[in-house]
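The block underneath contains the structure these notes are about, expressed in C-alpha cells.
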Amino acid sequence: ELSRKVKDTVRYCLACEYKGTPIRREDITKKILQEHGKEYKRVQSMANTKLRELFGMEMVELPVRDKGPSTHRKEKAVVVSRGYVLRNLLPEAYNAPDLIHISDKEYATTGLVYVVLALIFVSEQTLSNGELLELAEHLDRLCVREETHAFGDRDKLIEGYVKQGYLARHKIGNAGPSDTDTAADLQYEYTWGPRAKVEIPEENMVNFIASLYELQETGLEELTNYIYKAAGFSAP
C-alpha cells in the first residue's frame with residue numbers, strides 16, 4: 001500500500017512538471033494519501049528518493065511570494081510554502097540538446113523566459129508592466145521577421161508565466177482595476193517568481209547573460225561584475 005502511494009506521488013510530480021504547475025502538498029494528501037495523511041513526510045521522502053535515482057530530479061519547496069521586490073537577500077528570513085517544483089540534478093553534460101529533445105515551440109518559450117528574467121535581473125530585479133509588455137511585443141516582431149515561432153497574445157503569455165511561478169506580479173498603488181482596463185492600463189511591476197528562484201541560481205543567470213557577448217577572460221570578468229552591479233548585488 002505504501003509503495004503504491006509512493007509511485008502515485010512520483011507520477012503526480014512528473015505530471016505537474018510536464019504541465020508547468022506547482023506540486024501541492026494538499027493535492028498529495030487529499031488525492032493520493034487520503035486517510036493516510038499522517039504518512040506524508042515518509043511518502044514524500046521516499047518519492048523524492050525515487051525521483052533522484054530514476055529521473056535525476058528532486059522536489060524542492062517553493063519560497064513564499066514576496067510582497068514586493070527586494071535586492072537585499074540577507075534582510076529576510078527564509079520562509080517556505082506548501083508548494084514544490086522539480087529541480088534538475090543531472091550534470092550539465094547530460095542536458096545537451098542532442099540528448100534531450102524538445103519542440104521548437106518549447107525552445108522558443110524557454111528562451112523567452114530566460115530573456116525576460118535576464119532583463120528583470122539587470123534592472124535591479126524589477127520591471128514595470130509597460131516595460132515587460134514592450135519587451136514581449138518587440139520579441140514577437142523579431143520572431144515574425146525571422147520567420148520563427150511567434151509568441152502570440154503577449155498578455156496571455158505573461159499571465160502564463162505568472163501562473164507557472166516564473167514571474168511574480170505586484171500591484172503599484174492602491175487603485176483597483178476597472179472593467180475597461182487592459183493589462184497595459186494597470187500599474188504593476190514584475191520580479192522573479194518562486195519557481196525561477198528555485199530553478200535558476202543567480203550565478204547561472206549571470207553566466208547566461210555574459211555568454212551572449214562571447215568575450216575573452218578579462219572582458220568577461222568586467223562584464224560579470226557589471227551584471228551583478230546592475231542587479232543590485234556585489235560581485236562574489
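Side chains included, hydrogens not; waters and symmetry mates left out as well; all remaining heavy atoms used. Along the sequence shown, residues carry numbers from 1.
Linking Ile, Leu, Val, Met, Phe, Trp and Tyr whenever their side-chain heavy atoms come within less than 4.5 Å leaves Ile200 and Leu89 in two separate clusters. Note: the hydrophobic cluster containing Tyr18 does not contain Val198 (ILVMFWY, side chain heavy atoms under 4.5 Å, direct or indirect links).
In this model, no donor atom of one side chain and acceptor atom of the other lie less than 3.5 Å apart for Tyr190 and Glu131.
The stretch residues 41-57 participates, sequence neighbours left out, in these side-chain hydrogen bond (donor to acceptor under 3.5 Å, both in side chains) pairs: Arg52-Glu58. Residue pairs meeting the ring pair (Phe, Tyr, Trp, His ring centres under 6.0 Å) criterion with at least one member in residues 198-226, sequence neighbours excluded: Tyr114-Phe208.
No donor-acceptor pair under 3.5 Å is formed between the side chain of Trp192 and the backbone N or O of Gln125. Distance alone, capped at 3.5 Å, is enough to place a donor-acceptor pair between the Tyr12 side chain and the Arg24 backbone.
Contacts of Glu203 classified as side-chain contact (heavy atoms from CB on, under 4.5 Å), with partners at least two apart in sequence or in another chain: Asn207, Tyr228. Partners of Glu159 under the side chain to side chain donor-acceptor pair (under 3.5 Å) rule, at least two apart in sequence or in another chain, are Arg169. Under the side-chain contact (heavy atoms from CB on, under 4.5 Å) criterion, Lys7 pairs with Ser3, Arg11, sequence neighbours left out. In this view, Thr21 satisfies the side chain to side chain donor-acceptor pair (under 3.5 Å) rule with no residue, not counting sequence neighbours.
A salt bridge links Arg195 with Glu199: at least one charged nitrogen is closer than 4.0 Å to a carboxylate oxygen.
Tyr84 does not carry Arg25 over the face of its six-membered ring by the limits of under 6.0 Å from the centre and within 45° of the normal.
Between Met57 and Leu14 there is a side-chain heavy-atom pair separated by less than 4.5 Å. In this structure the side chain of Val85 never reaches within 4.5 angstrom of the side chain of Met59, judged on heavy atoms.
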